[in-house]
Amino acid sequence: PDVQNQGYAAGAAAAMAARDKTGIRGIDVRALQRHLVEIGNLPESVLTDTDSHPLPPQRVAAAVEGLVDDYRNLAIVLGHRQASLPLLQYAYQRAKGEKKLAYAKVLGMMGDDTGLETLVAEVERAETWDKPPAWNIGGDYPEATRVGWGMSHLDNMLVALGRTGRAEALPAVLAKLAMLEAKTSFSHHRAVYLALEWLGDPQAAKPLAELLHSPGMSGHAVTSIDQRASSAPTRSQATRELILARTLYRCGDWQGAAEKTLETYSRDLRGHFARHARAVLAAGRDHKPSHE
């Protein structure tokens with residue numbers, strides 16, 4: 001029932017935005033709440049609740065200080081970027097060991113390069129891939145504060161490193177790219193590709209193309225009904241191939257390999273793959289993902 005109620009609320013919000021020709025953030029939230037109260041989706045008390053955002057500076061400072069111990073504070077940090085960023089930078093400079101690494105990761109995820117040196121060192125230190133945790137880990141997981149759902153510690157470091165956007169990050173990421181093969185966990189592939197996509201350096205194009213052409217990495221598009229039997233079993237491989245092609249495309253492509261792969265996927269019978277491929281091609285090679 002909770003999921004049904006949430007789905008209805010999302011649909012109602014989308015309908016309001018379409019009717020009023022505005023973005024989702026531009027809808028009348030109180031009007032939506034009144035409607036949800038009327039149909040029993042929300043309690044009437046929400047109509048008199050007040051927003052706690054923005055929080056006072058002291059609460060933001062406390063969230064930064066306790067970030068490493070309780071990652072629920074991350075919502076406060078990210079929700080108050082202007083106030084929290086200088087505090088994070090200062091905390092990083094003072095911290096040591098795991099705390100310094102944690103601050104470097106959060107700063108990197110926010111697109112800040114203050115902890116670049118620490119992130120590079122941590123990524124270079126890993127000589128093998130670590131095991132991604134289960135997607136449904138809880139707070140009792142031994143390294144819960146070091147990982148993300150379905151992403152290992154190293155994967156997190158790679159994404160944070162890529163989001164700094166600094167060219168100095170490229171060698172460390174390329175070294176991990178060289179460690180990828182078809183049997184490597186999807187999580188590691190995704191992390192490397194996201195990092196390289198954020199960096200957008202043409203130097204990554206050739207090694208990306210070489211990986212795309214390596215055994216087991218390509219040819220997973222389903223463009224004919226005769227291939228329907230392979231549609232479900234190859235979803236992960238197809239997703240991996242599509243992300244790889246997108247990253248290669250946004251790093252300048254190599255001998256047209258990415259464009260050819262994306263064009264093939266634009267005809268994929270699985271609509272979500274086709275729409276994504278067409279959107280990447282329409283955006284062009286110079287498209288850069290936003291930090292927002």
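The basis for the numbers below is simple: all heavy atoms, side chains too, and nothing from hydrogens, waters or symmetry mates.
- Interatomic distance, OG of S187 versus CG of L158, reported as 9.5 Å (0.5 Å rounding).
- The heavy-atom pair separating W129 from K176 by the smallest distance is CZ2-O, 3.4 Å.
- Closest non-hydrogen pair, A245 versus T261, comes out as CB-CG2, 3.7 Å.
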Distance-only donor-acceptor pairs under 3.5 Å for side chains of residues 220-230, two or more places apart:
residue: H220; atom: NE2; partner: G216; partner atom: O; Å: 3.0
residue: S224; atom: OG; partner: D226; partner atom: N; Å: 3.1
residue: Q227; atom: OE1; partner: T223; partner atom: N; Å: 2.9
residue: Q227; atom: OE1; partner: S224; partner atom: N; Å: 3.0
residue: Q227; atom: NE2; partner: A221; partner atom: O; Å: 3.3
residue: R228; atom: NH1; partner: I225; partner atom: O; Å: 2.9
residue: S230; atom: OG; partner: Q227; partner atom: O; Å: 2.8

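- By the 4.5 Å heavy-atom criterion applied to side chains, T164 and W198 are not counted as neighbours.
- Annotation: salt bridge (Lys or Arg N to Asp or Glu O under 4.0 Å) contacts of R166 (sequence neighbours excluded): D113, E168.
- Considering only heavy atoms from C-beta on, L67 stays 4.5 Å or farther from I76 through its side chain.
- Residues meeting the salt bridge (Lys or Arg N to Asp or Glu O under 4.0 Å) test with R30, sequence neighbours left out: none.
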What pairs of donor and acceptor atoms, side-chain ones from residues 2-25 against any protein atom, are under 3.5 angstrom apart with sequence neighbours left out?
residue: N5; atom: ND2; partner: P1; partner atom: O; Å: 3.4
residue: Y8; atom: OH; partner: H35; partner atom: NE2; Å: 2.6

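- Each ring-ring contact (aromatic ring centres under 6.0 Å, His included) pair with one or both residues in residues 72-97, not counting sequence neighbours, appears once here: H53-H80.
- For E124, the salt bridge (Lys or Arg N to Asp or Glu O under 4.0 Å) test picks out no residue, with sequence neighbours left out.
- Residues T114 and Q93 are in side-chain contact: their nearest non-hydrogen atoms beyond the backbone lie under 4.5 Å apart.
- Note that CG of L32 is 9.0 Å distant from CG of N41, once rounded to the nearest 0.5 Å.
- Cluster membership for M157 and L199, using ILVMFWY side-chain heavy atoms within less than 4.5 angstrom, is shared.
- A distance of 9.5 Å separates NZ of K105 from CD of E98, quoted to the nearest 0.5 Å.
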Derivation of the side chain to side chain contact (heavy atoms under 4.5 Å, CB included) call for V173 and V123: CA-CA 8 Å; V173 182; V123 170; 5.7 Å; no
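- Note: the hydrophobic cluster containing M179 also contains L248 (ILVMFWY, side chain heavy atoms under 4.5 Å, direct or indirect links).
- Tested against L116 for a side-chain contact (heavy atoms from CB on, under 4.5 Å), the candidates D112, L119, V120, T118 yield a single pass: V120.
- No side-chain heavy atom of M217 sits under 4.5 Å from any side-chain heavy atom of E241.
- Nearest heavy atoms, A277 versus S266: CB-N, 3.6 Å.
- How far CG of L36 is from CZ of R34: 11.0 Å, rounded to the nearest 0.5 Å.
- Residues meeting the side chain to side chain donor-acceptor pair (under 3.5 Å) test with D130, sequence neighbours left out: S152.
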Test log, rule side chain to side chain contact (heavy atoms under 4.5 Å, CB included), inputs L196 and L174: CA-CA 8 Å; L196 290 174; L174 288 180; 4.1 Å; yes
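- For E263, the salt bridge (Lys or Arg N to Asp or Glu O under 4.0 Å) criterion is met by no residue, not counting sequence neighbours.
- For residues 201-218, the set of pairs meeting the salt bridge (Lys or Arg N to Asp or Glu O under 4.0 Å) definition, not counting sequence neighbours, is empty.
- With a 4.5 Å cut-off between side-chain heavy atoms of Ile, Leu, Val, Met, Phe, Trp and Tyr, the cluster of L262 takes in L242, Y249, Y265, F273, V280, L281.
- Within the 4.5 Å cutoff, side-chain heavy atoms of D253 are placed close to those of R285.
- Linking Ile, Leu, Val, Met, Phe, Trp and Tyr whenever their side-chain heavy atoms come within less than 4.5 Å leaves L194 and L177 in two separate clusters.
- In this structure, P171 and A167 approach most closely via the heavy-atom pair CD-O, 3.8 Å.
- Contact annotation: the side chain of L244 approaches that of L208 to within less than 4.5 Å [non-hydrogen atoms, C-beta and beyond].
- Applying the salt bridge (Lys or Arg N to Asp or Glu O under 4.0 Å) test to pairs two or more places apart or on separate chains, those with a residue in residues 180-192 are E181-K183.
- The cluster map of Ile, Leu, Val, Met, Phe, Trp and Tyr, joined by side-chain heavy atoms under 4.5 Å apart, puts V159 and L101 in different clusters.
- Contacts classified as side chain to side chain donor-acceptor pair (under 3.5 Å) and involving residues 267-284 (residues at least two apart or in different chains) are given here: R246-H276, D268-R270.
- Hydrophobic clustering places Y103 together with M110 (ILVMFWY residues linked when any side-chain heavy atoms are closer than 4.5 Å, directly or through intermediates).
- Using a cutoff of 4.0 Å between basic side-chain nitrogens and carboxylate oxygens, E65 and R94 are scored as salt-bridged.
- Taken to the nearest 0.5 Å, the CZ atom of R250 stands 15.0 Å off from the OH atom of Y193.
- Formation of a donor-acceptor pair under 3.5 Å by the R235 side chain with backbone atoms of A232 is found in this model.
- The CG atom of L78 sits 11.0 Å away from atom CG of N73, with the distance rounded to the nearest 0.5 Å.
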